[in-house]
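Only one structure is covered here, and it is reproduced in the block below.
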Amino acid sequence: MSATRIRVERLGKKYEIAPVHRDYPTVRDLIISMAQAPIRRLFGRAVETDYPKSTEFWALRDVSFEVQRGEVLGVIGPNGAGKSTLLRLLSRITEPTEGDAWMHGKTASLLEVGMGFHPELTGRENVLLNGAILGIPRKEMLRRFSQIVAYSGLDRFIDTPVKRYSSGMYVRLAFAVAAQIDSEVLIVDEVLAVGDMEFQAKSIGTMEGASRSGRTILFTSHNMTDIRRICHRCMVLDRGRVQFIGNVDEAITAYMSDMIPAPTVPMS
Amino acid sequence: MSSLTAPAPQRTESEDHDDAPLLWIHASRGMQFVDIAGLWTFRELLFYFAWRDVKVRYKQSILGILWILIQPVAQMFIFATIFGRIVGLPSEGVPYASFAFGGLAVWTYFASTVTKMSSSLDGNMHLITKVYFPRILLPVSVMLGTLVDFAIVLPIVLILGVLAQGRVLESWLVIPAAVALLLAVTFGVGIWLSALNARYRDVMLALPIVLQIGFYLTPVVFSSSIVARVVSDEWLPLLAFVNPMLGVVEVFRWAALGTNEPQLASVVMACLAALLLIATGGIFFARTERTVVDRI
């Protein structure tokens, strides 16, 4: 029996791009513009501000799709296509400007491994903190603690502050915690791009296992081998819109043909 | 071995047919109040944040947690020397050092907490751009973390009270109410500042100056009888409303040390100001929280 786990309808996110000269509004700008408002009203456009008006930018627009239970949907597209924005909206990190999305079932997001790791805290302390950030109950974390440490292979260093860890050790510990997520729906952003080949193989294996065990996964990557290996369907995003959604191979072909222009000048 | 590869939690048939979505993501409209219930739902994370703050503050320091005591005691000696000995300010019938320590205990909690709360959103940017939780957890966890400091200082204030009065005071029963008022004022001011600072960094830059002015507008190191000499009686309630810490310090010091009784007007005004700050701050924070990640 199929059941929809993620339903997205006409989702859109608009950003205001700050014009040049202005990184973010200061109180001074605000006071000046407030002071000018009555004058502007009286004299029409007589008083022009020095600053150009901010411009709109739709990072994501009119995006609709569904993900069924047990399905792995890959999201591919060039940088700036809106992949991360989509994942942020579905993870409730920021609100959409328009449209709706419905998440059925307990959802967890993994947009970065080692979210909230604090350099001054020890491995042990960070494991507990990170578990809480990922929404895993404390009791569960304490119960699984030795398992996590074994998985990371860092038992000798577990009471060392993570600022003294190598980047490989850091990622291994972080991923060991992330692998404890046990929600039905998983949103995963590019996290597998970090770490060495052995780590990547291990983490992609873990994702495969998660999908086989019936979890619903929304997954972005620039690695087409990974996409082919674990996704059932694939969506191509470009400039904030859905270009294609469906068969994985067709999606990759569509993406590649779009991205790699045919050589026009033969190489001599 | 990991949970990701364990079978997904099975749902029953009835749950599958029940198409009510667990979570609806959409652009929210209208006025909302900050997610107070979320503090309870996410209480484990709330405590972890507070625990992290306390742990990190004294890491790699030799004296560690002793610093909680060193800071207010050093301040007490500075003020006792300047205002107690050199200037010779009155201290409402208790030794000046105790008098100043009582005021400093409350003021320091307020000032250091709202300062930390004001940068709690942008200071945790790496977190709030990567994971969802009610953003109110961040400023509130700061309040809990600094409450540890206050809990260590409070017994010293009580000992000073016993030394000054020679007995245990009945007014100690009022201390929980005084602390509740302190927390309410701190919460109201702190959520306003944290939401404002996420939009305008000017807040963080102006705050030290404002707090220094506030320190001298609040009878921390001098008696409110001196304030009454400068400000006429009819203006006092207004001053107490604008600066709710005036009432908080008065009621706390009286309760803990047995100094002059607080004026009813300043305590009532502090309560009103706290309510107003929480009501408006709660709405403003909720409004900011929705898209804070885009602005920060």
Side-chain angles (χ1 to χ4, degrees), chain A residues 1 3-4 7 11 15 24-27 30 70 88-107 109 111-112 115-116 118 120-121 125 128-129 132-135 137-138 144 147 151 161 176 178-184 186 206-207 209-210 212-215, chain B residues 1-11 13 15-28 41-49 51-53 55-60 124 126-134 196 198-203 206 289-296:
Chain A
M1 178 179 47
T4 307
R7 189 152 71 91
L11 206 62
Y15 285 101
Y24 48 83
T26 63
V27 173
L30 204 72
R88 277 183 171 198
L89 294 180
L90 297 183
S91 309
R92 298 172 74 192
I93 283 161
T94 185
E95 275 194 356
T97 312
E98 57 178 35
D100 305 276
W102 292 270
M103 315 294 286
H104 305 249
K106 197 181 157 218
T107 306
S109 296
L111 303 192
E112 189 183 283
M115 277 182 301
H118 197 290
E120 296 287 343
L121 298 178
E125 290 163 345
L128 295 174
L129 175 63
I133 288 170
L134 293 171
R138 180 181 159 80
R144 296 186 200 165
Q147 211 182 41
Y151 187 71
Q180 302 302 316
I181 297 176
D182 54 4
S183 62
E184 296 172 86
L186 256 177
T206 309
M207 292 264 294
R212 264 200 307 273
S213 67
R215 276 163 228 278
Chain B
M1 67 123 274
S2 68
S3 292
L4 274 181
T5 46
Q10 288 302 310
R11 320 207 92 217
E13 290 280 310
E15 271 176 306
D16 264 348
H17 290 300
D18 176 14
D19 241 7
L22 281 182
L23 180 64
W24 177 33
I25 294 164
H26 60 109
S28 45
T41 320
F42 285 78
R43 59 191 179 281
E44 280 193 354
L45 187 53
L46 176 67
F47 282 105
Y48 266 114
F49 281 147
W51 166 84
R52 175 193 68 175
D53 287 349
K55 273 255 161 175
V56 168
R57 209 169 340 144
Y58 301 104
K59 280 256 163 162
Q60 219 168 2
N124 285 291
H126 61 286
L127 258 186
I128 60 178
T129 53
K130 294 292 177 192
V131 66
Y132 170 79
F133 51 84
L196 263 180
R199 295 172 184 235
Y200 312 110
R201 291 300 135 73
D202 308 57
V203 172
E289 172 181 47
R290 295 173 194 167
T291 53
V292 65
V293 167
D294 309 337
R295 294 171 182 276
I296 224 159

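Letters A, B, ... mirror the listed sequences (proteins, then strands); counts begin at 1.
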Exercise. Parallel under 30°, tilted from 30 to 60°, perpendicular over 60°: which one fits the rings of B:Phe42 and B:Tyr132?
Worked result: perpendicular
For this session: Pick one of side chain, backbone, both or neither for B:Lys59, based on which atoms fall under 4.5 Å of a heavy atom in chain A.
Result: side chain
For this session: Taking the side chain as every heavy atom from C-beta outward, state whether B:Val131 and A:Glu112 have any atom pair closer than 4.5 Å.
Result: no
Seminar exercise, completed: Honestly, the part of A:Arg212 sitting under 4.5 Å from a heavy atom of chain B is neither
Exercise. What option among A:Gly70, A:Pro137, A:Ala101, A:Gly135 has the most heavy-atom pairs under 4.5 Å with chain B?
Worked result: A:Ala101
Problem set entry | Partner set under salt bridge (Lys or Arg N to Asp or Glu O under 4.0 Å) for A:Glu95, not counting sequence neighbours | none
Problem set entry | Per-residue contact mode, A:Leu128 against chain B (heavy atom under 4.5 angstrom) | both
Problem set entry | Contacts of A:Ser91 that satisfy side chain to side chain contact (heavy atoms under 4.5 Å, CB included) - sequence neighbours left out | A:Ile93, A:Ser109, A:Leu111, A:Ile187
Exercise. Among B:Trp51, B:Phe49, B:Phe133, which residue forms the greatest number of heavy-atom pairs with chain A at distances under 4.5 Å?
Worked result: B:Trp51
Problem set entry | Sub-4.5 Å side-chain heavy-atom contact between A:Leu121 and A:Leu129 | yes
For this session: Give the member of A:Leu89, A:Leu134, A:Ile133, A:Leu90 that has the highest number of heavy-atom pairs under 4.5 Å with chain B.
Result: A:Ile133
